[in-house]
Amino acid sequence: MKKLLPVYKNESIPKLQSESGPQHPKKSFYIETYGCQMNVSDSELMTGVLTKAGYEITNDINSANVVLINTCAIRENAEEKVLNRLEHLNAIKRRNTEMVLGICGCMAQHMRTMVLEAAPYIDLILGPDAYRSLPQALDSINSKDTFVNLKLDKSEDYADISPIRKDGIRAWLTIQRGCDKMCSFCVVPFTRGRERSLPIPMLVKEVESLVDEGFKEVVLLGQTVNSYYDGTHNFGDLLFAINQVEGIERIRFTSPHPSDATKTMIDAIASCEKVCKQIHLPLQSGSTKILSDMHRTYTADEYRELVFDLRNQIPNLAISTDIIVGFCGETEEDFQKTHDLINEIRYDSAFMFKYSDRNGTLANRTLKDNVPEEEKIRRLQTIIDLQYRISHEINQKRVGETIQVLVEGESRKSKADYFGKDDTFKTTVFPRKNAQIGETVNVKVHTASANTLIGNVTS
Ligand code: 5AD
């Protein structure tokens, strides 16, 4: 097992292998984003920081003066993907010797300076709490040193920094950073530090500006979004407050933690007309024993009851989830409990993963990653097949219904079609005819697959 290196504060460390790098960083930047929506939101934040400092965004990686890779560390394959990509980036850097290459985000925080062993030509390593220092970091880069800032800072909420988003229909809004949950499998508390929330009045203002910029939908983001607490108000209060903002049409959020689901939150989803009737509620495992080893802080029965309460108060609520199979010590019987709970709850959709041992986590330090890889693969495939069947059946029931779809853009498969989402976040495709991007249209569904609804605009 690799040892974690100490956290480096705002300091430059010598490159493992010195190469000639840029002396005077110029002014165009390109950001490549991996991982979750929080990373998308962080890239928008970095865009805000750099634009304010006089840099200009470019879509051309080959000519960019600064290339930043915003990374994910959640599973080993997320890091492998970036490590593979780095070779290609180095080839670009060799052609464009002026280019500054930076690794940002969770993988930077997780691998720390070990990333230099794989890619000694990296000029910059920044953790998620260090984006404010980007312009200074770029100013201080020289050919010999790699600038490193991996300081986690509980007081850093970027409250004064305006993110710059791509134009569109849906805006991501970070309402909380960090995580206090300490699930034993998860690297996030180590890569993103402790939890902190932005105050409600500020977030309401932010949503008002999103409306002014033309956004129709806002997705509130937090690692455990419903543990939001600004010192006075909780997550339910925030939903009620944002629901009042004139002009915003839809409100979603991701991802809540089952243990932080409160009555106010359920009341808010049920009664706020703009809050979509859709929830992503990570289960992780259907076995109480495994949930306990995962430090999830709820039992399978408590989760069941929560789903029961949600469905009781919010008819037609769409529920999706995250599942991990093959966690340390997961027996066939434990796995069967997960399988059976998926079958019982009948999720609309699910993200399903094989357990990936992550350096520094509690499970990594205290439990054995003892489910063989082939068995992890078998279990994963079993629940993927199950969920596919369930999603297909649920979507088939929508055939014949007329649903309200917020039009997002051209369908990937045909220029003649538009796509959008309904309230439950189902992707819906339909011939564009007179529909306009950004408007909500009625679509009569005539065909459904496990992932998509297809129909025609009726008004
Ligand atoms: N291995 C596999 N899946 C993981 N997740 C988080 N950590 C791991 C890990 N070590 C999954 C969880 C989480 C989602 C974002 O990623 O299901 O909810």
Side-chain angles (χ1 to χ4, degrees), residues 1-2 33-42 71-81 105-107 109-111 128 172 174 176-192 219 221-227 253-261 279-287 290-291 293-298 300 303 306 319-330 334-335 338-339 341-342 345 347 349-373 375-377 379-381 383-384 387:
M1 197 174 77
K2 284 176 181 166
T33 309
Y34 293 83
C36 63
Q37 288 95 340
M38 186 70 88
N39 269 8
V40 173
S41 178
D42 278 358
T71 59
C72 168
I74 199 95
R75 284 169 291 277
E76 198 178 351
N77 57 11
E79 288 188 342
E80 274 165 7
K81 206 172 175 180
C106 290
M107 175 178 159
Q109 194 72 41
H110 184 233
M111 285 190 75
W172 310 104
T174 299
Q176 172 215 56
R177 301 183 70 85
C179 185
D180 285 351
K181 281 291 182 295
M182 291 293 171
C183 298
S184 64
F185 54 78
C186 191
V187 80
V188 168
F190 305 98
T191 62
R192 288 190 165 270
V219 187
L221 295 180
Q223 231 41 253
T224 53
V225 72
N226 57 334
S227 64
F253 56 90
T254 197
S255 287
H257 190 289
S259 299
D260 291 323
I279 191 165
H280 183 73
L281 196 63
L283 166 67
Q284 313 299 2
S285 170
S287 154
I290 296 295
L291 286 171
D293 289 348
M294 287 177 163
H295 286 222
R296 283 296 286 175
T297 70
Y298 53 85
Y303 185 97
L306 174 59
I319 308 183
S320 54
T321 199
D322 289 344
I323 306 278
I324 299 175
V325 295
F327 184 67
C328 312
E330 185 189 73
D334 292 318
F335 168 67
T338 302
H339 179 278
L341 196 50
I342 294 173
I345 289 179
Y347 293 102
S349 62
F351 294 109
M352 294 161 277
F353 312 102
K354 290 182 291 174
Y355 172 61
S356 166
D357 188 20
R358 306 277 56 210
N359 203 5
T361 59
L362 188 68
N364 168 266
R365 284 181 278 123
T366 61
L367 300 172
K368 265 210 161 110
D369 180 15
N370 58 357
V371 177
E373 184 63 16
E375 185 55 19
K376 285 183 183 173
I377 293 170
R379 291 179 190 177
L380 181 62
Q381 195 55 53
I383 59 166
I384 287 175
Q387 184 55 49

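Both ligands and their constituent atoms are indexed starting at 1 by order of listing.
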Please say which of Ile324, Ile290, Ile323 ends up in a side-chain contact (heavy atoms from CB on, under 4.5 Å) with Thr338.
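The passing option is Ile323.
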
Residues, nucleotides or ligands: over 12 heavy atoms within 6.0 Å of Lys81 NZ
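Not buried by this count: 12 neighbours or fewer within 6.0 Å.
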
Contacts of type side-chain contact (heavy atoms from CB on, under 4.5 Å), residue Val371, not counting sequence neighbours:
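Expected list: Glu330, Glu375, Lys376, Arg379.
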
Quick one: pull up CG in Asp322 and OH in Tyr347 and give me the separation to the nearest 0.5 Å.
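The CG atom of Asp322 sits 9.5 Å away from the OH atom of Tyr347.
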
Do you know the tightest heavy-atom contact between Ser259 and Thr297?
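Answer, listing the atom of Ser259 first, then Thr297: OG-OG1, 2.7 Å.
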
Using a strict threshold of under 4.0 Å (side-chain N to carboxylate O), is an ion pair present between Arg358 and Glu79?
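Salt bridge between Glu79 and Arg358, a charged N being under 4.0 Å from a carboxylate O: yes.
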
Tell me the residues surrounding ligand 1, counting only those with a heavy atom closer than 4.0 angstrom, sorted by chain and number.
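For ligand 1, the contacting residues are Ile74, Arg75, Phe185, Gln284, Asp322, Ile324, Phe353, Lys354, Tyr355, Ser356, Arg358.
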
